[in-house]
Amino acid sequence: MILAVQRLIHDEIVRVITRLYGVTDVPVFAVEVPPTRALGDLAVTVAFQLARPLRNAPKAIAQEIAAGIGPLPGVARLVAAPNGYLNVYLERPTFLVSRLRHEIAAPPAPSDKTIVEHTAINPNKAAHVGHLRNAALGDTLARVLRFCGVEIEVQNYIDDLGVQVADIVVGLQEIEKRSPGQIREIADTTRFDYYCWDLYAKVTDWYEHDRERLSVRAATLHALEEGGNDTATTAALIVDRIVRAHLKTMGRLGIGYDLLTYEGDILRLQFWAHAFEILKASGAVFLQTEGRLAGCWVMRIDEPGAKEESAEAEAPSGEGAGESEAREKVIVRSNGVVTYIGKDLANQFWKLGLLGRDFKYRLFGRQENGQPLWSTTSDAGDPDAPPFGHAKRIYNVIDSRQMYLQALLSQALRTLGHAEEAENSVHFSYEMVGLSHATARELGYPAPEGEDATKPFVEVSGRKGLGVKIDDLLDLLIQKASSEVAKRNAELSADECGRAASQIAVAAIRYFMLKYSRGKLIVFDIEEALSFEGESGPYLQYAVVRANNIFHKLQEREALAEADIIGALAGTPANEITDDEENVLWGLVFEAARLDDIVEQVVRSLEFSVLAKYAFGLAQLFNAFYHRYPILNEERSDRKRWRAAGVAYVRAQLTRALDLMGIEVPSRM
RNA sequence: GCGCCCGUAGCUCAGAUGGAUAGAGCGACAGGCUUCGAACCUGUAGGCCGGGGGUUCGAUCCCCUCCGGGCGCACCA
């Protein structure tokens with residue numbers, strides 16, 4: 001790990017600048033990584049920044065600073081480059097040895113509790129690739145924050161009273177004319193999330209044939225909210241089965257949660273009623289008495305960077321009034337039914353501990369990893385349930401289409417005088433997933449018509465049943481991985497082969513979801529996602545498997561364990577890693593050490609593509625090293641030991657990096 | 001119309017707080033398995049970083065403007 005070294009150098013340079021020039025406000029500068037190791041391991045550009053205020057050449061300033069730096073532990077030398085850079089060269093052998101011995105422990109400061117909410121799929125159909133991006137990002141966010149020592153609680157919001165659930169109830173009760181008993185039987189004997197996937201598309205059709213039928217949906221929705229009737233009982237059954245299907249799908253990907261938050265409980269426990277009082281009292285929400293929203297409780301939407309008066313002065317037009325009326329968002333409809341925004345506001349208030357109320361909790365089940373999963377409840381609840389909510393910081397993983405509503409949440413917090421909480425409510429926004437035309441065709445969907453045909457992608461639509469289901473995709477990937485594993489490892493049992501295939505499939509799909517930056521729309525193409533070569537999850541796994549094999553063989557053939565090698569390094573000549581500025585082994589070790597620096601960048605930018613690219617680059621470096629520098633067959637023992645030590649560190653770091661992305665390393669592949 | 005996002009090699013994408021020579025994968029072409037596993041490695045070709053202004057010692061990155069594309073702006077969620 002490298003962050004501690006960077007801080008050490010940074011602080012020393014600040015000290016020297018202060019002493020040398022008497023400046024109190026040293027400009028902010030970073031300790032960065034030069035493009036090649038020949039230019040040093042770390043570099044600082046502060047001399048450029050000081051050139052103007054000091055009225056001196058960068059080169060001269062750099063030389064003065066370099067001369068003023070005292071000896072630093074771990075630093076071999078710090079030199080001023082002719083162009084003004086300050087280049088730092090590290091003490092290579094001690095750098096590697098101390099890391100292998102875990103002497104570089106930088107215990108992260110204890111942090112405030114943080115909630116990550118992700119997945120939140122409508123419980124009315126199977127999960128598709130759009131949901132996959134959300135869950136992969138959310139789960140990785142949780143892993144990365146935990147790596148930084150943050151206390152994390154992962155929540156999955158379940159909209160059990162929404163229109164989408166109502167639609168499935170309508171489909172079963174009204175279109176298919178099923179009795180409650182029959183519905184239970186279907187839920188228990190079919191692949192129910194797939195069944196509902198098809199049914200949902202049928203319901204959409206059914207409405208389109210006769211818009212009058214939408215009144216059936218409204219009545220159903222009303223019955224759901226009312227509760228205590230057959231419709232509500234049926235809906236609860238549907239929701240429970242679909243939620244369990246979603247959890248199973250996510251479990252296959254190594255994605256788990258701490259708490260399921262049910263919207264129904266928000267209503268039953270009067271969370272909304274309570275939040276409504278708070279909102280009314282502060283004036284954040286008020287009753288509109290005129291215009292088309294008369295009778296609705298609305299929230300006024302602040303225009304970002306609005307300049308009301310000047311705008312009106314420049315553009316005096318009769319439409320002004322109509323425009324401003326449109327800038328109001330309905331929170332409670334004129335029929336008295338709260339919108340989902342209202343319920344979500346209550347949920348966010350609760351998460352931040354601002355509601356003054358709490359859910360009851362019940363144990364929902366055990367997850368793949370053995371961890372318990374809890375659920376909110378409005379019943380008595382389990383007295384031994386752990387505490388939930390009351391976080392200092394929350395991340396809501398939701399696609400960019402909901403930006404508008406997320407902005408509304410933080411605006412509500414501000415209006416209520418919770419500026420700090422608003423600041424700590426982060427909308428982790430990302431672009432949607434579309435389907436390539438080729439993949440849509442492959443799935444048997446009719447070719448898009450009109451305007452849609454010219455679009456570069458086909459929009460995923462649960463309503464139309466248009467999308468790639470996660471389980472189908474996983475099955476496809478496992479099938480392919482399985483045949484690849486079997487081809488290379490004839491001696492493996494079916495179980496072992498299946499285990500590896502599943503790990504490979506998960507790696508492929510998770511890496512695929514993380515390698516794009518979140519602002520980029522992913523046009524999902526099956527063929528592309530099935531690739532196990534080049535920049536892919538399996539490539540990364542392959543590198544670690546190879547590294548692991550070296551140690552297996554060292555143990556088998558020479559009874560040499562990693563600990564033996566590390567233990568003997570102190571007395572072993574280190575030329576293998578010190579010779580030559582552009583030493584390949586050192587380049588590998590140094591890059592491996594950068595994981596903590598990379599993770600810091602990731603947290604700052606919330607951009608996992610940085611982590612993905614880093615891990616890939618490290619695997620590439622390792623693979624190149626692997627080809628050029630033998631270990632088992634190296635005759636000189638000093639070389640052999642230093643190479644093995646370097647590989648030991650790289651595999652440990654790469655394994656950590658993969659774990660952050662939810663990727664496991666198979667024993668064979 | 002307003003707001004947000006995107007535009008970098010043939011295709012798909014990286015280029016953290018402005019820094020040293022703009023990179024990778026795929027595809028194309030040419031090589032490398034009796035060697036620690038070829039899901040790999042080595043090499044070649046391929047770029048007005050959408051256009052134009054500006055800020056600066058320095059701009060793919062920041063500001064303005066234009067062009068092209070996506071997504072939002074419901075008494076749906």
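Chain naming here is simple, since letters A, B, ... match the order of the sequence lines and numbering starts at 1 in each.
When heavy atoms are screened at a 4.0 angstrom cut-off, A:Ser536 is found touching no nucleic acid atom at all. Within the 4.0 angstrom heavy-atom criterion, base atoms lie near A:Asn87.
Applying the Watson-Crick and G-U wobble criteria (two distances, each under 3.5 Å), B:rU17 pairs with nothing in any strand. The base-pairing partner of B:rU60, taking Watson-Crick or G-U wobble contacts with both distances under 3.5 Å, does not exist among the strands shown. Searching all strands for a Watson-Crick or G-U wobble partner of B:rC73 with both distances below 3.5 Å returns B:rG1. Of the nucleotides present, none pairs with B:rC36 by Watson-Crick or G-U wobble criteria with both distances under 3.5 Å. Pairing for B:rC26 is with B:rG10, a Watson-Crick or G-U wobble pair whose two hydrogen-bonding atom distances lie under 3.5 Å. Pairing partner, B:rC49: none, since no Watson-Crick or wobble contact has both distances short of 3.5 Å.
Rounded to whole Å, the distance from CG on A:Asn623 to C1' on B:rA39 is 10 Å. One atom, CG of A:Leu408, and another, P of B:rA77, lie 14 Å apart when rounded to the nearest Å.
For the P atom pair drawn from B:rU56 and B:rA74, the interatomic distance equals 43 Å after rounding to whole Å. Taking atom C1' on both nucleotides, B:rG15 is separated from B:rU8 by 9 Å, rounded to a whole Å. Rounded to whole Å, the separation between the C1' atoms of B:rA39 and B:rG7 comes to 33 Å. Comparing B:rG3 with B:rC48, their P atoms sit 32 Å apart, to the nearest whole Å. Rounded to the nearest Å, the gap between the P atom of B:rG25 and that of B:rU44 is 13 Å. When the P atom is used for both B:rC40 and B:rC26, the distance is 7 Å, rounded to whole Å. When the P atom is compared between B:rU55 and B:rC63, the two are found 15 Å apart, to the nearest whole Å. On the P atoms, B:rU65 is 15 Å away from B:rC5, given to the nearest whole Å.
For the OP1/OP2 pair of B:rC71 and a distance below 4.0 Å, the side-chain nitrogens and oxygens of A:Lys455 include at least one atom meeting the criterion. Put simply, A:Ser517 has no side-chain N or O that comes within less than 4.0 Å of OP1 or OP2 on B:rC13. Contact between the side-chain N/O atoms of A:Tyr340 and the OP1/OP2 oxygens of B:rA77 is not found at any separation under 4.0 Å.
A:Asn124 contributes a side-chain N or O that, together with a main-chain N or O of A:Gln164, makes up a donor-acceptor pair within less than 3.5 Å. Side-chain atoms of A:Asp159 never come within 3.5 Å of backbone atoms of A:Pro123 as a donor-acceptor pair (strictly under, hydrogens ignored). The main-chain N or O of A:Ala612 is found under 3.5 Å from a side-chain atom of A:Tyr511 such that the two form a donor-acceptor pair. Using a distance-only test at 3.5 Å, with no hydrogens or angles considered, no donor-acceptor pair links the side chain of A:Arg488 to the main chain of A:Met669.
No side-chain N or O of A:Tyr157 forms a donor-acceptor pair with one of A:Asp344 less than 3.5 Å apart. Using a 3.5 Å distance cut-off with no hydrogens or angles, the side chains of A:Tyr340 and A:Glu263 do not pair a donor with an acceptor. With hydrogens and angles left out, the side-chain atoms of A:Gln288 and A:Glu328 include a donor and acceptor closer than 3.5 Å.
Of the candidates B:rC40, B:rG7, B:rU12, B:rC40 carries the atom nearest the A:Tyr542 side chain, counting heavy atoms from C-beta on. Which of B:rC75, B:rA16, B:rG15 sits closest to the side chain of A:Val610 comes down to B:rG15. Candidate nucleotides B:rA38, B:rA77, B:rC71 were compared by shortest atom distance to the side chain of A:Asn122, and B:rA77 ranks first. Among the nucleotides B:rA20, B:rC73, B:rG37, the one closest to any side-chain atom of A:Arg668 is B:rG37.
In this structure, A:Tyr629 has no side-chain hydrogen bond (donor to acceptor under 3.5 Å, both in side chains) partners at least two apart in sequence or on a different chain. Contacts of A:Arg499 classified as side-chain hydrogen bond (donor to acceptor under 3.5 Å, both in side chains), with partners at least two apart in sequence or in another chain: A:Glu664.
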Between protein and nucleotides 34-36 of chain B, what N or O pairs are separated by less than 3.5 Å?
residue	atom	partner	partner atom	Å
B:rC36	O2	A:Ile631	N	3.3
B:rC36	O2	A:Leu632	N	3.0
B:rC36	N3	A:Ile631	N	3.0
B:rC36	N4	A:Tyr626	O	2.3
B:rC36	N4	A:Tyr629	O	2.7

Apply the test side-chain contact (heavy atoms from CB on, under 4.5 Å) to residues A:Arg37 and A:Glu581: give CA-CA distance (whole Å), side-chain angles for both, the deciding distance (0.1 Å), then the verdict. CA-CA 7 Å; A:Arg37 290 295 71 77; A:Glu581 284 197 333; over 6 Å; no
Test ring pair (Phe, Tyr, Trp, His ring centres under 6.0 Å) on A:Phe29 and A:Phe48 and set out the steps. CA-CA 10 Å; A:Phe29 66 94; A:Phe48 294 100; over 10 Å; no
Sugar-phosphate or base contact per nucleotide [nucleotides 22-31 of chain B; S, B, -; heavy atom under 4.0 Å]: --SSS-----
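Between A:Phe276 and A:Trp297, the angle of the ring planes goes over 60°, which puts this pair in the perpendicular group of the 30/60° scheme.
Each of A:Ile504 and A:Val332 has a nearest nucleotide on RNA chain B; the 5'-most of these lies closest to A:Ile504. Checking A:Ser605 against A:Asp159, the closest nucleotide of RNA chain B that is more toward the 5' end is the one next to A:Ser605.
Remark: the A:Ser334 side chain and the B:rC75 base include a donor-acceptor N/O pair separated by less than 3.5 Å. No hydrogens or angles were tested; on distance alone, nothing pairs the side chain of A:Asn124 with the base of B:rA77 as donor and acceptor under 3.5 Å.
For the segment residues 43-53 of chain A, residues with any heavy atom less than 4.0 angstrom from an atom of RNA chain B are, sorted by number, A:Ala43, A:Thr45, A:Phe48, A:Arg52.
With rounding to the nearest 0.5 angstrom, the CG atom of A:Leu540 is 13.0 Å from the CZ atom of A:Arg510.
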Which atom pairs, one a donor and one an acceptor, fall under 3.5 Å between side chains of residues 519-534 of chain A and the rest of the protein, sequence neighbours left out?
residue	atom	partner	partner atom	Å
A:Asp525	OD1	A:Ser436	OG	2.7
A:Asp525	OD1	A:Thr439	OG1	3.4
A:Asp525	OD2	A:Glu527	N	3.2
A:Asp525	OD2	A:Glu528	N	3.2
A:Glu528	OE2	A:Tyr516	OH	3.1
A:Ser531	OG	A:Glu533	N	3.3
A:Ser531	OG	A:Glu533	O	3.3

